[in-house]
Amino acid sequence: MAEFDLHSLRHTASHVLAQAVLRLYPNAKLAIGPAIDTGFYYDFDVDTNFTPEDLEKIEAEMKVIVRERYRLERFELPRAEALALMEEKNQPYKVELIHDLPEDAALSFYKQGEFVDLCAGPHADHTGRVKAFKLLSATGAYWRGDSSRKMLQRIYGTAFESKEELAAHLTMLEEAKKRDHRKLGRELDLFDIYEEGPGFPFFLPRGMVLRNLLEAYWREEHAAAGYQEIRTPIILNEELWHRSGHWDHYKNNMYFTKIDEGDFAVKPMNCPGGMLAFGRRMHSYRDLPQRIAEMGLVHRHELSGALHGLMRVRCFTQDDAHIFMTPEQIQQEIAGVIRLIDRFYKVFGFEYHMELSTRPENSMGTDEQWETATDALRQALSTLGMEYKLNEGDGAFYGPKIDFHLRDCIGRTWQCGTLQLDFQMPERFDLSYVGPDGEKHRPVMIHRVVFGSIERFIAILTEHVAGAYPLWLSPVQIAVLPLTDRHHDYARGVHQTLRDAGFRVELDERNEKIGFKIREAQVQKTPYMLVLGDKEMEAGLVAVRHRRDGDLGAIPVDELIAKLREEVATKAK
RNA sequence: GCUGGUGUAGCUCAAUCGGCAGAGCAGCUGAUUUGUAAUCAGCAGGUUGCUGGUUCGAUUCCGGUCACCAGCUCCA
């Protein structure tokens with residue numbers, strides 16, 4: 001009896017998909033078809049592209065296969081026979097896969113009815129198990145993820161053990177779309193992107209309030225953690241980018257400009273500016289580590305197809321910092337950064353995962369430097385007892401890195417925080433400090449960001465809270481809602497008192513019914529609404545309504561101020 | 001950049017086979033003075049993304065282009 005868990009079920013669903021495609025398109029070449037976190041996919045090389053109507057036909061054929069309840073039979077073949085079988089079936093991608101497997105690898109196949117696929121398994125015991133499934137989309141995907149190779153047709157689907165779970169999942173996806181930061185950004189007047197500036201977002205007044213509050217919190221925490229702040233220019237001459245290595249490794253993503261016949265570049269990263277700032281004078285070992293932060297505006301020419309709301313833009317602000325230190329201080333500084341990032345994310349209630357990325361193909365530096373740097377990161381992670389995923393060959397061109405990934409509303413993960421160890425830049429910029437021996441030494445450097453980019457962080461945060469930001473971050477914290485004209489004077493007094501107490505308050509004096517005013521404040525996700533009528537005016541109270549908890553009753557303004565100050569101070573979620 | 005899809009009023013969406021481009025919300029004006037998620041009426045709002053072609057006639061069909069959406073690649 002085959003194992004029967006969700007992963008196996010989805011994997012079997014992908015085989016059923018491939019079987020159905022082969023029945024309808026006998027010339028289709030099969031690539032790979034795994035189960036993934038949210039379902040499954042299969043990649044095909046076919047003459048024509050799949051349309052939504054094709055998906056319906058394929059789905060119908062899959063249902064037939066499910067009804068036919070084929071047993072999944074596993075068998076193994078020696079390499080030569082495995083190759084012969086796949087060649088006979090005219091499956092060149094499978095042949096390539098077999099060639100790339102180790103000589104001594106066991107080559108297992110799964111057979112269901114007339115369909116046979118090279119596959120490690122495991123699978124459900126028969127195709128009848130795939131009762132609750134749905135094909136979701138057809139898209140392009142490069143063979144082996146390599147953009148220089150052929151683009152195949154990928155069909156995505158999902159499968160669950162019951163129809164109820166499938167329906168719940170599909171409903172969840174629909175609900176998640178309502179939390180999309182692009183939609184909320186427009187609805188809540190926070191930010192927007194226009195056709196006139198693809199990838200270049202506009203922040204509107206309310207979005208700026210949120211952004212400024214995040215930056216203020218960031219400055220507070222970084223000052224406390226021993227960081228100093230600088231600001232470096234957005235445009236610097238081209239020679240600098242040759243020196244930093246960006247010309248050789250990052251030119252394709254950079255914007256260039258001319259000034260008085262000289263060649264200049266718009267910065268895609270803040271490090272070279274940071275290097276110049278550090279290198280302007282001599283440093284003593286006594287002054288290290290130096291933690292130099294910069295809210296740096298960078299521009300990168302991302303591919304048009306990669307742009308995505310605030311998540312992926314062409315100009316963004318990194319909450320950057322460069323830490324210059326002695327080799328002995330590496331461990332302590334790495335740990336300090338990881339703890340800082342962890343504390344930040346917890347304030348917002350984020351779950352995250354970490355990835356360690358090692359040396360990429362096109363990189364600077366010696367093997368030894370890379371080994372030392374990578375070991376330092378690995379060791380810091382294990383000392384802190386942190387779990388992480390390994391990404392071979394995914395580091396920056398100047399050093400290995402630890403990335404922190406956060407989830408968006410439909411489960412995609414985005415890199416936000418990153419910590420990169422760099423032996424190259426200090427070398428290239430000939431940075432030094434004077435040690436206790438009176439000699440010059442080369443400092444080691446860490447690049448790091450916590451938010452990653454303010455834009456991406458705001459996008460993730462917006463989806464995380466569905467636009468209902470905690471009180472301390474809400475662009476408008478309180479809506480004052482007088483019932484009629486005769487309550488306006490009292491409402492203005494309350495409004496002024498709250499403003500004087502430091503809150504962001506709006507007074508709604510429009511000639512509308514209270515239900516309408518409340519609805520608008522609710523739709524805008526305003527945390528607190530104060531309803532003011534005869535009763536409140538006579539008693540000198542405010543009737544408090546919370547966006548989530550509803551009517552909280554009438555209390556004196558002073559009491560409300562104390563309560564909200566507490567909520568802001570504790571950054572309550 | 002690649003594969004597929006989509007562009008109609010500020011927003012959400014209609015418009016039969018190619019035949020005068022419409023609704024709700026938002027906006028403006030007026031009436032209404034209201035007790036915890038939408039008061040009523042009127043007015044205004046458009047070179048159907050842009051551009052070329054086919055046609056007596058194009059939102060509709062074809063080409064190009066721009067932007068957006070999903071995925072791939074890449075990445076904060």
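Small disclaimer: the values here were computed from a predicted structure and weren't measured. The chains referred to below are lettered A, B, ... by the order of the sequence lines, with proteins before strands, and numbering in each begins at 1.
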Side-chain donor-acceptor pair present, A:Thr484, A:His487, cut-off under 3.5 Å: yes
Compare side-chain N and O positions of A:Ser304 against OP1 and OP2 of B:G1 and report whether any pair is under 4.0 Å apart. yes
I'd like the C1' distance from B:U73 over to B:G4, given in whole Å. 16 Å
Pair A:Gln420, A:Thr418: side-chain N/O donor-acceptor within cut-off below 3.5 Å: yes
Answer yes or no for this row: A:Phe316 ring on B:A76 base, centroids under 5.5 Å, planes under 30°. yes
Are any of A:His308's side-chain N or O atoms less than 4.0 Å away from OP1 or OP2 of B:A70? yes
Between P of B:A76 and NZ of A:Lys267, the distance in whole Å: 16 Å
If the cut-off is 4.0 Å, is A:Arg448 near the phosphate of B:A76, judged by side-chain N/O to OP1 or OP2? no
Strictly below 4.0 Å: does A:Lys401 bring a side-chain N or O up to OP1 or OP2 of B:A76? yes
Can you tell me whether the side chain of A:Glu195 and the base of B:G7 have a donor-acceptor pair closer than 3.5 Å? no
Can you check the distance between B:C62 and B:G5, where both ends of the measurement are the P atom (answer in whole Å)? 12 Å
Donor-acceptor pair under 3.5 Å: do we get one between A:Tyr142's side chain and the base of B:G71? no
For A:Phe160 and A:His169, run ring pair (Phe, Tyr, Trp, His ring centres under 6.0 Å): C-alpha distance rounded to whole Å, both residues' side-chain angles, the deciding distance at 0.1 Å, then the answer. CA-CA 9 Å; A:Phe160 286 86; A:His169 177 77; 5.0 Å; yes
Would you say A:Arg545 reaches B:G35's phosphate, i.e. side-chain N/O to OP1/OP2 under 4.0 Å? no
Tell me whether A:Asp180 is salt-bridged to A:Lys177, with the criterion being a basic N under 4.0 Å from an acidic carboxylate O. no
If you compare every side-chain N and O of A:Arg312 against the phosphate oxygens of B:C68 (OP1, OP2), does one of them come in below 4.0 Å? no
Examine B:A76: is either OP1 or OP2 under 4.0 Å from a nitrogen or oxygen in the side chain of A:Gln318? Give yes or no. no
Does A:Arg510 place a side-chain N or O at less than 4.0 Å from the phosphate oxygens OP1/OP2 of B:U33? no
